[in-house]
Amino acid sequence: MDPTTDNAGNTGDPGTARASLEALRAEIAKAVVGQDPAVTGLVVALLCRGHVLLEGVPGVAKTLLVRALASALELDTKRVQFTPDLMPSDITGSLVYDARSSEFSFQPGPVFTNLLLADEINRTPPKTQSSLLEAMEERQVTVDGTPRLLPDPFLVAATQNPVEYEGTYPLPEAQLDRFLLKLTIPLPSRQDEIDVLTRHAEGFNPRDLRAAGIRPVAGPADLEAARAAVAKTTVSPEITAYVVDICRATRESPSLTLGVSPRGATALLATSRAWAWLTGRDYVIPDDVKALALPTLRHRVQLRPEAEMEGVTADSVINAILAHVPVPR
């Protein structure tokens, strides 16, 4: 069968898919400065058909990052601002009565897209938060008893603010576990911040990505070819045991009340395979597991209150576990 070609002119050949996805960093850098780890995390999530929780203070370009990624991948994107009065139907869609036909017709909500930006997801009540659970897990939404499939690829990129918790609704553990990765978006370095201000002084408009020069460098065909290649990435029994040992160690940590579930272990294996393929290998090594352990596991553990009061963080616990679990040779 001949490889398919998307509108960006890219074929679904595995040999070119990696180069196309690597080109995303340079393309997104035209709009977003100094966020390569977050870009890589979003690409890993797309390869694994997972979802991403972005955490950072206001003004670090979380929304711009997702919009730039969608433009560079030629994917449809929609944004929903989560507020206390948001209803589930505002996300999934609802049945609307048509007076002309005297029938109800389904009006799709913003969830019917490739990249859904759920902005400040923790500012809406649990009832509305849970409306995303079926979409994230089953890739469909059910309205009035009828399931409706979502487009492929489909990724939820949810943002939340690490400060200003007043009036928010923390995500329950069951929903946090639905996110493949939790990426922290740091404040830029001094030089990066100078670069940002210089661009704005030269007329950069974050609302006009086309004027910024962002063009599609990859597309759905590349993603499909890349996913097929990732699925063929070899995982040795020793690496599988290493992933299991790391996750089991979180369940025995005295600093944690909740460790990583088997779903988390499966997620770490999947993200490690995607990262191995992106770096040019068709097999997973321990460094791949270490590289993805923090973003894959940090939101799947829960600290004991006394440990939190002593300044212990989820990242520090996971780093300590990585330092003590024997690495396969």
Side-chain angles (χ1 to χ4, degrees), residues 32 35 37-38 41-42 45 50-67 77-93 109-111 113 115-137 141 155-188 206 255-261 263-264 267 294-318:
V32 182
Q35 296 294 356
L42 286 165
H51 308 284
V52 176
L53 182 62
L54 300 170
E55 185 173 271
V57 297
V60 290
K62 298 187 294 293
T63 301
L64 180 60
L65 175 63
V66 176
R67 289 179 52 238
T77 182
K78 290 188 174 70
R79 176 180 178 272
V80 178
Q81 182 66 49
F82 279 63
T83 57
D85 60 346
L86 194 71
M87 298 298 291
S89 59
D90 294 330
I91 300 171
T92 61
V111 75
T113 187
L115 268 68
L116 176 67
L117 177 60
D119 211 0
E120 295 189 291
I121 190 173
N122 58 335
R123 292 199 177 278
T124 200
K127 178 180 180 180
T128 305
Q129 290 178 9
S130 64
S131 66
L132 281 175
L133 291 178
E134 182 185 14
M136 293 170 69
E137 189 68 20
V141 294
L155 179 144
V156 174
T159 71
Q160 65 178 14
N161 189 343
V163 295
E164 295 180 0
Y165 283 114
E166 184 177 353
T168 63
Y169 304 84
L171 297 176
E173 300 303 327
Q175 186 161 357
L176 280 173
D177 207 35
R178 295 294 200 285
F179 287 97
L180 181 73
L181 299 171
K182 179 181 178 182
L183 304 175
T184 56
I185 310 297
L187 288 167
S255 298
L256 302 176
T257 58
L258 179 68
V260 176
S261 68
R263 183 194 306 210
L294 283 179
T296 307
L297 303 181
R298 59 164 57 110
H299 57 296
R300 304 176 192 271
V301 299
Q302 190 171 33
L303 289 167
R304 292 188 182 278
E306 54 270 28
E308 198 167 3
M309 291 177 63
E310 294 173 1
V312 177
T313 64
D315 284 12
S316 65
V317 173
I318 294 171

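The analysis underlying the following values was restricted to heavy atoms, covering all of them including side chains, and did not include hydrogens, waters or symmetry mates. Numbering of residues begins at 1 and proceeds along the displayed sequence.
The minimum heavy-atom distance linking G264 with T296 is given by the pair O-CG2, 4.4 Å. Heavy atoms only, all atoms of each residue included: A157 and L54 are closest at CB-CD1, 4.5 Å.
Under a 3.5 Å cut-off, the side chain of T313 and the backbone N or O of S316 do form a donor-acceptor pair. Under a 3.5 Å cut-off, the side chain of R304 and the backbone N or O of S255 do not form any donor-acceptor pair. When atom types are taken as modelled, the side chain of Q160 and the backbone of L171 share no donor-acceptor pair closer than 3.5 angstrom. Checked by atom type and distance alone, the side chain of S130 pairs as donor or acceptor with a backbone atom of P126 at under 3.5 Å.
T83 and D85 share a donor-acceptor pair across their side chains, judged by distance under 3.5 Å alone.
Here OG1 of T184 is found 7.5 Å from CD of E55. Values are rounded to the nearest 0.5 Å. Rounded to the nearest 0.5 angstrom, L183 CG and L294 CG are separated by 11.0 Å. Considering CZ of R298 and CD1 of I318, their distance stands at 7.5 Å, rounded to 0.5 Å. Put simply, CZ on R178 and CD on E134 are 10.5 Å apart, with the number rounded to the nearest 0.5 Å.
Annotation: side chain of I91 is in contact with side chain of L132 (closest heavy-atom distance under 4.5 Å). A heavy-atom distance below 4.5 Å is found between the side chains of L256 and L303. The side-chain heavy atoms of I185 and T159, taken from C-beta on, include no pair separated by under 4.5 Å. Between Q175 and I121 there is a side-chain heavy-atom pair separated by less than 4.5 Å. Inter-residue side-chain proximity for L115 and L42 is flagged as unmet; no heavy-atom pair is nearer than 4.5 Å.
R263 has a carboxylate O that lies under 4.0 Å from a charged side-chain N of E137, or vice versa, which qualifies the two as a salt bridge.
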